[in-house]
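Okay, so here's the structure we're looking at.
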Amino acid sequence: MCGIFGCVLKEGEAAPLIHQGLRRLEYRGYDSVGFATISDGTLHMRKDQGRVDEVVGRLGLDKMPGSLGVGHTRWATHGAPMMVNAHPHTDCENQIAVIHNGVIDNFLELKEELINRGHVFESRTDTEVIPHLIEEEMKGDINIGEAILRALRRLEGSYAIAVVSSADLERIYCARNESPLVIGVSDKGTFCASDVPAMLPYTNKVVYLRNGEFAILEREGFKIKRIQDGSAVEREVEEVTWTLEMAEKQGYPHFMLKEIFEQPKSLRNSLRLQQQYLDLLTAFLDRGRELFLVAAGTSYLACIAASYMFSKLARLTTYPAISSEFIAQYGSSVGIDSVVLAVSQSGETYDTLKAIDHARMRATTVLGVTNTVGSTLTRVSRAYIIQQSGPEMGVAATKTFTSQLMVLSQLALRLARTRGKVSQDEVDDFEARLLEVPVYVEKVLEKHGTSIRSLVEKYSGERLFLFLGRGISAATALEGRLKLLELTYVPSLAYPAGESKHGPISVVEEGTPIIFLCPRGETRREIVGSIMEMKARGARIISVCEEGDRDIKELSDDVIEMPLGIPELLSPIPYIVPLQLYAYYLAVEKGLDPDKPRNLAKSVTVP
Ligand code: G6P
């Protein structure tokens, strides 16, 4: 989950561009930073623990000389976040610098072998075996490109790497296996980065490197080869339509707030999906005996909500599954008549990709919903849909959650029509309300966009929160809790309200704040019962309910009022918005950075 940026320029200095590139990649990890550049035949390297701007300022990284260089922002997997473990890592002679995102599974064996051959290691990272392996291969008197290829063939695990060396003053060498790497081309030179937004100020012409590929970046262009046999690969350059403006803050203090406010727009985009893709996915879904919605993090919580829609509207037995558990839990039972729909904003989450690899081996139909064109998920799925929410820079997912639900609702609706198990009126009504969702979200933002701060202040000293909901609102409660936990580090529990009697109620005491999700619908009567149970134990009740819902209001200490007419099955999309705002403002109130919560990364591309 580290970030990689590199460039080889026709003129000018590389270091300031690397600095800017890494700033845009910091969401991928931010515990240490390092640069390597080449000038006057010399490899220059500096690195340390800390965040991008701080380390760049302290070590003067953006003054490092040379028109060719690479930089790295790290999220520790092997070895604590400290200077020796920061990237780049080098060989014994400090002539080969390697930056890496991923995990080398066989690094212990390789390290032992290299130590026996006299190599000296400085760090506790898996990455450091790579420059030493390259150094070892170069003893065979071959050029560095060939030595890197041979070294890569010995690696097992996931990697995106970029290599610079004083043995070649003109090129950056990169490779990819399971971790993302994109090449960018422009008249200024050639770039590589972990994702597209990092390169957008310089180019929108990109080439996605695929698993098992190696690339040589030169000032005038690039070459791609297969790692396995060194054969050449021809690949078309693609033009991305995201503008730099789309990827930047546009006057908001944080990306997260900008992304929360962007939701009416991103939801409208997610409503404009091409019908033929919806039809194609629906046809595959209709063939399934059962549906597994496989994902991690917030995407998994979107899957929990969506499972209610598929079961209820389309009468398809649907299991939401955490991707890291999928193989252990369902691996032996999925088969040719199961369908796996993987949901991943990045399309690169390691556990999700592993789960679908397994499903594919068992002849299961694998479908995808992702935000990232060209991601691994798009290549390994039988069919996929791009959720169209644009780049999300805040580590905590907001607009991508609502867009995923928008896509999944449309699929559930279409499948409901195909299967014809519920009445035409019900399906028509669902469709009409679905089209209104961006408007509901707009109204929520108008009403609570800033005013929710007074509620946040009122409860800002609390050390524990509970989130409860029934039916599909149990998923909203889980996502509301996840946002609060990620951003403010305040311990909090979320449960289906009916289950709260079986444990969580024991932590409730006088004054404990409980956020109840109470949309109008089938579960409302039961939720009133749950509120009363908690109130009887002294809890303070904050309800998210429909405007003018007097019963709920009377039972609550505070209410967050929602627009009229939102059907229960669509409620997670508008009802999550005040909870996103709540977590955001509480983080700000506590002096925390909502865009970069500690220990988290935007994209988890390691096991
Ligand atoms: C990380 C991010 C989450 C995200 C999850 C799954 O944990 O911090 O925001 O929901 O990965 O990511 P994906 O790209 O697969 O949706």
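These numbers come from a predicted model, not from an experiment. In listed order, ligands and their atoms are each counted from 1.
- With respect to atom 11 (O) of ligand 1, the closest heavy atom belonging to the protein is K602 O, 3.8 Å.
- The aromatic rings of F465 and F467 lie tilted to each other, with the angle between the two planes from 30° to 60°.
- In terms of protein heavy-atom proximity, atom 4 (C) of ligand 1 is nearest to T298 N, 4.2 Å.
- For the residue pair S375 / E348, no side-chain donor-acceptor distance below 3.5 Å is found, with atom types taken as modelled.
- With K399 as the partner, the salt bridge (Lys or Arg N to Asp or Glu O under 4.0 Å) test is satisfied by one option alone out of E392, E259, E262: E262.
- Any N or O atom pair closer than 3.5 Å counts here, and S346 shares at least one such pair with ligand 1.
- Of all the heavy atoms in S270 and Q410, the pair that sits closest is O-NE2, 2.7 Å.
- The contact set between ligand 1 and V395, taken as ligand atoms under 4.0 Å from a residue heavy atom, comprises 8 (O), 9 (O).
- Geometric assessment of R382 against the ring of F284 yields a negative cation-pi assignment under the 6.0 Å and 45° thresholds.
- A donor atom on one side chain and an acceptor atom on the other are found under 3.5 Å apart for S299 and Q404.
- Between A601 and ligand 1, at least one N/O pair is under 3.5 Å apart.
- Looking only at heavy atoms of the protein, atom 6 (C) of ligand 1 is closest to A296 O, 3.4 Å.
- For the ligand labelled ligand 1, residue V604 lies inside the 4.0 Å heavy-atom shell.
- For ligand 1, the atoms lying closer than 4.0 Å to a non-hydrogen atom of A397 are 9 (O).
- Considering backbone and side-chain N/O of S299, one or more are found under 3.5 Å from N/O of ligand 1.
- Taking the six-membered ring where the residue is Trp, Y319 and Y330 present tilted rings, their angle falling between 30° and 60°.
- Nearest protein neighbour of atom 12 (O) of ligand 1, counting heavy atoms only, is T349 OG1, 3.4 Å.
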